Amino acid sequence: MGRHGWNSGARWWRLTALLGVGAAALALVLTLINTLPGGGGSTAGTSRDGDKVHGTPAVPPKDLGPDVGWGFTHTQFSADEGSGKATERVEGQLSKTAMPQIQHIMGWGAGNPEPVKGRYDFEDMDRRIDFVRASGGIPVVTLCCAPDWMKGGKSGADNTNWSQDALETAPDPEHFEDYAGLAATVAKRYPDVRHFIVWNEFKGFWNNAEARWDYEGYTKLYNLVYKALKKVDEDIMVGGPYLVMDSFDPRQEYGVSRSLRGPWGAMDQRPLDAFDYWNKNKVGADFVVVDGSSYTEDDEMLPDEFQATDKLTAVSRWVRERIGDLPLWWAEYYVEPGDANDEREGWSETRRSAVHAAGLIAMARGGATSGFYWNPENEKGPDCAGCLWSPTDTSDGGRALPMLGLLSRFSKEFPPGTTYESVSVADDDKPNVRVLSDDKAVLVVNTLDRSISAEVDGRRFEMGAYEVKWLRR
């Protein structure tokens, strides 16, 4: 999960010079100094001033509201590390379009922010926020995951359990207040972060006894975090519930929605029930967050990869019917099934770009105002399927890849507040293209693996296989 250690070399040598003792005595001194009474664990590399403002916060745009537009999420490896030339190259590319960028507070490239209660380590988080600032992005923070001591694990800077099971464990209810306090600390440290998502995919919130989501527990945590953030600054914007909108084969009858279904599948009823509970019992929200894939739980894309994206439209409309005027965000969206290692290398970049463009169109048609792409960079190597830029481990890295071109163009052409318009499409082209338009631009996607001649918005033009084309109006 990225860089989770700390470089202790300098401290060791300073202490050696000061004390003039051998290695054994030094180890004993460090243990005494860096261990809290009562088995609190090592505090090495931590400090008490977690809420001290970090760096030079960017000035948020005056018109910044709960709509942030289309962007991406930083994952384990990103352009905040690597060759300076490569990192600067990515910063330059991103600065051309101010896209929102999400960073989690623990995991996905960030270390344990509070390894001991009241002792903080924001080294990794600081670096990620610095990158967002340097690249001109809109910073968004996902409040996940939780330090070990909040979820039954050991306290201490050297005791973090980075296994997936441990990372995806929710805080114990008796530590919900502590987690809300951590959220407030993060908000104070980065005052230019105006948007916070509470938790990630209900991780750890599962009711085994009733085989459903523990929506009561999540909503309790959400409400405490919401209040804590609003106490820091009433203008901070908070959203949830970040549920995974799973679906099954449309022929399945048990445990699925009777109404929210289509050729793409039948929605799992459990996340819908969880959403309705949270929506009814939340103390407030500035925006609403979901995520999910166009394909089913069995990785079936029905009827095909392009028509499967209709699910994103249907789910968006279902949510919009329940949230009124609140903006709808897709924190994650997937249109290409992964393999056993969650890798997606089976498609060409041309096909991948076309299906992702169709997914973005589908979310926008359903009323979503933001969608975040997951998978910006590999750690190293020449191949990087679906990445936004090439790995930054060498000075020649950090070069824009096709997916960044699609995402940044979509973000630029269809920002928050866009009013979409209908455009004419020739009857024989309607089955073969996906189209989205406002008063200035038209996005056209060829869904076929062959060239076509299409007529859109009164113009006829040639399109290559899986081509994504932009028209000016």
Side-chain angles (χ1 to χ4, degrees), residues 1-11 44-47 50 54-58 71-115 120-142 144-145 157-158 160 162 164 167 186 189-190 192-193 200 341-343 372-401 403-404 407-408:
M1 290 296 173
R3 295 173 64 249
H4 303 302
W6 61 283
N7 186 350
S8 60
R11 298 186 184 202
T46 68
S47 69
H54 167 71
T56 304
F72 63 91
T73 296
H74 288 281
T75 52
Q76 182 174 359
F77 305 110
S78 199
D80 59 305
E81 291 189 286
S83 163
K85 289 184 178 179
T87 296
E88 290 175 5
R89 189 172 289 123
V90 178
E91 290 175 355
Q93 289 289 334
L94 293 176
S95 64
K96 296 176 182 178
T97 303
M99 291 188 290
Q101 303 176 32
I102 293 178
Q103 176 58 47
H104 292 63
I105 66 169
M106 181 175 175
W108 297 279
N112 188 335
E114 191 179 3
Y120 303 94
D121 181 0
F122 285 110
E123 178 186 358
D124 295 329
M125 190 74 181
D126 288 348
R127 189 179 61 253
R128 285 286 170 95
I129 294 296
D130 285 343
F131 177 83
V132 178
R133 291 170 176 170
S135 59
I138 300 170
V140 178
V141 165
T142 295
C144 184
C145 293
D158 53 352
T160 301
W162 289 106
Q164 183 172 349
L167 184 65
V186 173
R189 188 173 185 85
Y190 312 113
D192 48 338
V193 177
N200 174 305
N341 297 318
D342 203 31
E343 298 290 343
F372 293 87
Y373 184 70
W374 189 284
N375 184 30
E377 182 184 342
N378 279 354
E379 180 181 16
K380 57 185 178 180
D383 299 321
C384 202
C387 290
L388 298 178
W389 51 79
S390 60
T392 55
D393 60 319
T394 66
S395 60
D396 192 50
R399 299 187 181 277
L401 296 175
M403 196 59 65
L404 179 59
L407 189 60
S408 59

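In what follows, residues are counted from 1 in the order of the sequence shown. This is a predicted model, so every value here is computed, not measured. Computed from heavy atoms alone, side chains included, the values below leave out hydrogens, waters and symmetry copies.
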Is there a side-chain contact between Arg189 and Ile129, using heavy atoms and a 4.5 Å cut-off? no
Nearest-0.5 Å distance, SG of residue Cys144 to CG of residue Leu167: 6.5 Å
Would you call Glu377 and Thr392 a side-chain contact if the rule is heavy atoms closer than 4.5 Å? yes
Ile102 CD1 to Thr142 OG1 distance, which is reported to the nearest 0.5 Å: 4.5 Å
Please check if the side chain of Asp80 supplies one atom and the backbone of Asp126 the other of a donor-acceptor pair under 3.5 Å. no
Hey, are the side chains of Asp393 and Glu379 touching, using non-hydrogen atoms and a 4.5 Å cut-off? no
Would you find a donor on one side and an acceptor on the other, under 3.5 Å apart, between the side chain of Asp121 and the backbone of Glu123? yes
Taking the side chain as every heavy atom from C-beta outward, state whether Val186 and Phe122 have any atom pair closer than 4.5 Å. yes
Check whether Asn378 reaches the backbone of Asp383 with its side chain - one donor and one acceptor, N or O, closer than 3.5 Å. yes
Whether Asp124 side chain and Gly111 backbone form a donor-acceptor pair below 3.5 Å: yes
Do Phe131 and Gln103 have side chains that get closer than 4.5 Å, going by heavy atoms? no
Please check this pair: side chain of Arg89 against backbone of Ser395, looking for a donor-acceptor N/O pair closer than 3.5 Å. yes
Any side-chain heavy-atom pair from Lys380 and Thr394 closer than 4.5 angstrom? no
Salt-bridged, Arg133 to Asp130, with N to O below 4.0 Å? yes
Spell out, as yes or no, whether a donor-acceptor pair under 3.5 Å connects the side chain of Asp192 to the backbone of Pro57. no
Nearest non-hydrogen partners of Ala157 and Pro115, listed with the distance: CA-CB, 3.7 Å
Just jot down the ring-ring contact (aromatic ring centres under 6.0 Å, His included) partners of Phe72, sequence neighbours excluded, or say none. His74, Trp389
Would the distance check show the side chain of Thr87 and the main-chain N or O of Ala79 forming a donor-acceptor pair, the cut-off being under 3.5 Å? yes
Report the residues that fulfil side chain to side chain contact (heavy atoms under 4.5 Å, CB included) with Ser390, sequence neighbours left out, ordered by chain and then residue number. Arg399
Going from CD on Gln101 to CG on Leu94, what distance comes out if it is rounded to the nearest 0.5 angstrom? 5.5 Å
Rounded at 0.5 Å granularity, tell me how far CG in Leu388 sits from CE in Met99. 7.0 Å
Answer yes or no: is there a side-chain heavy-atom contact under 4.5 Å between Lys96 and Ser408? no
Test side chain to side chain contact (heavy atoms under 4.5 Å, CB included) applied to Ala400 - qualifying residues, sequence neighbours left out: Gln93, Leu404
Which atom names give the shortest non-hydrogen contact between Ala98 and Ile138, and what distance separates them? O-CD1, 4.0 Å
Is there a side-chain contact between Cys145 and Trp108, using heavy atoms and a 4.5 Å cut-off? yes
